[in-house]
Amino acid sequence: MSKEEEKISNSKVALYCRVSTGKQTTDNQKIRLIQYAHDNNLEFDLFEEVESTRNTRPIKQSLLQKLRAKEYSQIIVFKLDRYARSSRELILEIQELTDKGIGFVSVSDNLDFTNAVGRLHFQILSAFSEFERSLISERTKEGINRAKSQGKILGRPKGSKDSKSRPKSGYLMREVNKRKKLDEVKGVFQSVEAYIK
């Protein structure tokens, strides 16, 4: 074991729980996660995300920065769907973390991606995610080809907005997000600020 791996394995673990609205509670998740940590004699910090949306999960983003800095040896979640909102997000982030030697455990799903069985499950999950993306892509292409063969004009119909010059506000952020997503597909994760120079 290298000094770096030893350093990570001796650090605390992060417990992460999330709900989507303020009307929900993380209490059940917390109970299971804390019990798991106590049963395995783990020192931990708890991260709670409340009222998250698809695009704003500040607690998770802060936790990801700490994990990338190797402040924790692993992240433990109640369930995979409490960590990520899409299979693509889940696969990319778990791959990044495990490549850095950071463990990922889902208590309810009984998955531990640090051992051989967990890694096999992760490969199966990745394969299904790739298969799902391929099917969606194929269906989209078939739909476009069918519409073209029926003589349909694709795209947004021309309207009053086309005769006026469009505002440039928001252009920079659209470009930044586009570049950020392309980099994330390649496994490069940076903050939005890194793209604004």
Side-chain angles (χ1 to χ4, degrees), residues 1-19 26 29-50 52-126 129-130 176-177 179-197:
M1 181 184 282
S2 70
K3 286 184 179 179
E4 190 61 34
E5 288 173 327
E6 192 174 341
K7 178 184 165 191
I8 295 171
S9 66
N10 290 334
S11 64
K12 284 191 219 178
V13 302
L15 309 181
Y16 176 78
C17 50
R18 176 181 68 82
V19 290
T26 59
Q29 294 177 54
K30 278 195 292 189
I31 290 166
R32 289 284 302 278
L33 292 173
I34 292 169
Q35 186 61 52
Y36 179 91
H38 286 310
D39 290 348
N40 290 279
N41 298 315
L42 300 171
E43 189 180 349
F44 64 88
D45 285 334
L46 179 67
F47 294 82
E48 289 182 81
E49 192 92 65
V50 181
S52 63
T53 67
R54 180 169 292 281
N55 297 318
T56 59
R57 281 170 283 164
I59 303 298
K60 182 184 172 188
Q61 291 310 312
S62 170
L63 173 57
L64 272 172
Q65 293 302 322
K66 292 175 188 293
L67 289 164
R68 287 171 182 145
K70 300 185 178 177
E71 292 181 31
Y72 298 99
S73 61
Q74 62 181 309
I75 176 171
I76 301 166
V77 299
F78 176 67
K79 237 179 153 185
L80 292 178
D81 67 354
R82 293 294 86 204
Y83 178 76
R85 291 182 178 270
S86 71
S87 56
R88 182 173 177 271
E89 177 189 350
L90 180 71
I91 302 292
L92 286 173
E93 290 181 6
I94 290 178
Q95 187 68 60
E96 180 196 3
L97 295 174
T98 54
D99 285 350
K100 291 181 186 301
I102 296 161
F104 192 102
V105 174
S106 174
V107 176
S108 288
D109 299 312
N110 199 22
L111 292 172
D112 181 350
F113 295 129
T114 59
N115 60 38
V117 174
R119 285 190 291 273
L120 173 63
H121 280 123
F122 181 69
Q123 292 302 321
I124 293 167
L125 191 64
S126 299
S129 178
E130 182 60 37
V176 164
N177 287 328
R179 287 173 51 203
K180 190 173 187 310
K181 283 179 184 172
L182 286 171
D183 281 351
E184 286 176 355
V185 169
K186 298 174 191 170
V188 178
F189 296 87
Q190 298 185 82
S191 67
V192 170
E193 290 79 13
Y195 295 90
I196 304 172
K197 292 180 182 174

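All values below were derived from every heavy atom in this structure, side-chain atoms included, with hydrogens, water molecules and symmetry-related copies excluded. Note that the coordinates shown come from a computational prediction; the quantities given were computed from them, not determined experimentally.
Not counting sequence neighbours, the partners of D99 by the side-chain hydrogen bond (donor to acceptor under 3.5 Å, both in side chains) test are Q95. K30 is linked by a salt bridge (Lys or Arg N to Asp or Glu O under 4.0 Å) to D27, E48, counting only residues two or more places apart in sequence or in another chain. For the salt bridge (Lys or Arg N to Asp or Glu O under 4.0 Å) test, residues two or more places apart in sequence or in another chain that qualify with R68 are E96. Residues forming a side chain to side chain contact (heavy atoms under 4.5 Å, CB included) with D109 (at least two apart in sequence, or on another chain): K79, L80, S106, L111. Partners of D183 according to the side-chain hydrogen bond (donor to acceptor under 3.5 Å, both in side chains) rule, which considers only residues two or more places apart in sequence or in another chain, are Y195. With sequence neighbours excluded, the residues satisfying ring pair (Phe, Tyr, Trp, His ring centres under 6.0 Å) with F104 are Y83, F113.
With rounding to the nearest 0.5 Å, the separation of CG in D45 from CD1 in I75 is 12.0 Å. Put simply, CD on Q74 and CG on L42 are 6.0 Å apart, with the number rounded to the nearest 0.5 Å. L64 contributes atom CG, which lies 6.0 Å from atom CG of L97 (distance to the nearest 0.5 angstrom).
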Under 3.5 Å, which donor-acceptor pairs link side chains of residues 32-39 to any protein atom two or more places apart or in another chain?
{"residue": "Q35", "atom": "NE2", "partner": "D39", "partner atom": "OD1", "Å": "2.7"}

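The closest side-chain heavy-atom distance from V13 to N40 is not below 4.5 Å. Counting heavy atoms from C-beta outward, R18 and R57 have side chains that approach closer than 4.5 Å.
Aromatic rings from F47 and Y72 are positioned such that their centres are separated by under 6.0 Å.
Annotation for E184 and L92: closest pair O-CD2, 3.6 Å, computed over non-hydrogen atoms. The heavy-atom pair separating K70 from I102 by the smallest distance is CG-CD1, 4.5 Å.
The closest donor-acceptor contact from the side chain of E49 to the backbone of I59 lies under 3.5 Å.
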